[in-house]
**Q** 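To start, I am sharing the structure in question, which I have written as structure tokens.
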Amino acid sequence: KQEVTQIPAALSVPEGENLVLNCSFTDSAIYNLQWFRQDPGKGLTSLLLIQSSQREQTSGRLNASLDKSSGRSTLYIAASQPGDSATYLCAVRRYGGSQGNLIFGKGTKLSVKP
Amino acid sequence: NAGVTQTPKFRVLKTGQSMTLLCAQDMNHEYMYWYRQDPGMGLRLIHYSVGEGTTAKGEVPDGYNVSRLKKQNFLLGLESAAPSQTSVYFCASSYRDRDPHEQYFGPGTRLTVT
């Protein structure tokens, strides 16, 4: 059974720091991996999606990497800002099967202090 | 395009009452999903649909029913609400055969059962 773990559960950093959020998964047979952002009381905003054949994806100050063999992904946020404060969720889509649903981690709650 | 929309945004039910949550997408996606999000549990799949007229159980289906009479709509029903169904409900959709199979989420419905 696929399990997704995110460490740390919470992280507080001063503004301007570069930071890394970690995601690990137990079954390397994944189709893709998505990173989401969730603001309090809000829905999920997709940040980056990495296909199983890719190693990384970049969008602005965000860079996500994927190492399928070790079952790990990282989300790198450069020059963090208070506006980056949110919960970041990692989710993997299973390879094969007909449902294509995502298996989510429990998230990392990020707080960026001014 | 509106993307994925959910109605209602908030609802309070008494134990034993019934209600239906509506999800609509205008992206012509084949796959649709209902997730629930609970503190400390992450998002979990309730039911999903791979096409009009088809539905299937996810990880936590008990107490819920679904219907997909039209391709763009996916309904989640609670026949007899219980306090354990207090949660935030998210709908999502994706293409079946088109990479990268990214899932798009609605804004969520916050349900409280007293």
Side-chain angles (χ1 to χ4, degrees), chain A residues 1-10 23-26 29-57 59 64 66 86-109, chain B residues 2-7 9-10 23 25 27 29-51 54-61 66 68 74 87-110 112:
Chain A
K1 177 183 175 184
Q2 179 72 271
E3 292 183 1
V4 180
T5 303
Q6 292 186 246
I7 296 173
C23 172
S24 62
F25 45 94
T26 55
I30 65 169
Y31 192 87
N32 62 38
L33 183 146
Q34 273 185 267
W35 281 95
F36 295 88
R37 169 187 172 135
Q38 185 175 29
D39 293 288
K42 303 293 185 182
L44 278 69
T45 301
S46 181
L47 297 173
L48 290 164
L49 181 150
I50 310 178
Q51 295 278 59
S52 63
S53 58
Q54 297 174 325
R55 295 285 296 189
E56 65 178 336
Q57 283 285 335
S59 176
L66 175 64
T87 296
Y88 290 81
L89 299 170
C90 163
V92 299
R93 181 177 187 265
R94 303 188 311 171
Y95 189 80
S98 61
Q99 56 211 73
N101 63 288
L102 295 173
I103 309 296
F104 282 84
K106 295 179 181 179
T108 294
K109 186 175 182 179
Chain B
V4 180
T5 58
Q6 293 181 232
T7 53
K9 289 185 170 54
F10 302 95
C23 175
Q25 52 93 6
M27 297 172 281
H29 286 166
E30 292 87 2
Y31 286 4
M32 295 188 75
Y33 312 87
W34 276 107
Y35 296 88
R36 61 178 287 175
Q37 184 178 36
D38 302 293
M41 298 295 293
L43 277 83
R44 294 177 293 169
L45 183 69
I46 305 172
H47 284 281
Y48 65 97
S49 169
V50 299
T54 71
T55 63
K57 294 180 180 179
E59 182 184 354
V60 289
V66 287
R68 184 107 179 261
F74 195 27
S87 187
V88 182
Y89 292 86
F90 288 102
C91 176
S93 68
S94 71
Y95 286 112
R96 178 183 62 205
D97 297 319
R98 190 182 306 182
D99 280 338
H101 293 269
E102 183 173 0
Q103 286 198 15
Y104 296 83
F105 281 76
T109 295
R110 189 173 295 272
T112 301

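Excluded from the calculations below are hydrogen atoms, water molecules and symmetry mates; all remaining heavy atoms, backbone and side chain alike, are included. Letters A, B, ... are given to chains in the order of the sequence lines, protein chains preceding strands, and every chain is numbered from 1. Small disclaimer: the values here were computed from a predicted structure and weren't measured.
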**Q** So which part of B:R110 gets closer than 4.5 Å to some heavy atom of chain A, the side chain, the backbone, both or neither?
**A**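 Contact with chain A: side chain only.
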
**Q** Under a 4.5 Å heavy-atom cut-off, does chain B meet the side chain of A:K1, its backbone, both or neither?
**A**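 It is the side chain, since no backbone atom gets that close.
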
**Q** Please flag which part of B:Q6 lies under 4.5 Å from any non-hydrogen atom of chain A: side chain, backbone, both or neither.
**A**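 Looking at B:Q6, nothing touches chain A.
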
**Q** Report the distance from atom SG of A:C90 to atom CG of A:L102, rounding to the nearest 0.5 Å.
**A**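 Output value for this atom pair is 10.0 Å.
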
**Q** State the OH-OG distance between B:Y104 and B:S93, to the nearest 0.5 angstrom.
**A**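 B:Y104 OH to B:S93 OG: 8.5 Å, rounded to 0.5 Å.
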
**Q** Ring centroid separation for A:F104 and B:Y35, is it under 6.0 angstrom?
**A**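 A:F104 vs B:Y35: aromatic centres under 6.0 Å.
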
**Q** Can you sort out the partners of A:Y88 under ring-ring contact (aromatic ring centres under 6.0 Å, His included), two or more places apart, ordered by chain and number?
**A**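 Once residues adjacent in sequence are excluded, A:Y88 has no partner under the ring-ring contact (aromatic ring centres under 6.0 Å, His included) criterion.
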
**Q** Would you mind checking which part of A:Q38 comes under 4.5 Å of any heavy atom in chain B, side chain (CB onward), backbone (N, CA, C, O), both or neither?
**A**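 The side chain, not the backbone.
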
**Q** For this output row, return yes or no: ring centroids of B:H47 and B:Y33 closer than 6.0 angstrom.
**A**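 No: the rings miss the under 6.0 Å criterion.
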
**Q** Using heavy-atom distances under 4.5 Å, tell me whether A:L89 contacts chain B through its side chain, its backbone, both, or neither.
**A**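 The side chain, not the backbone.
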
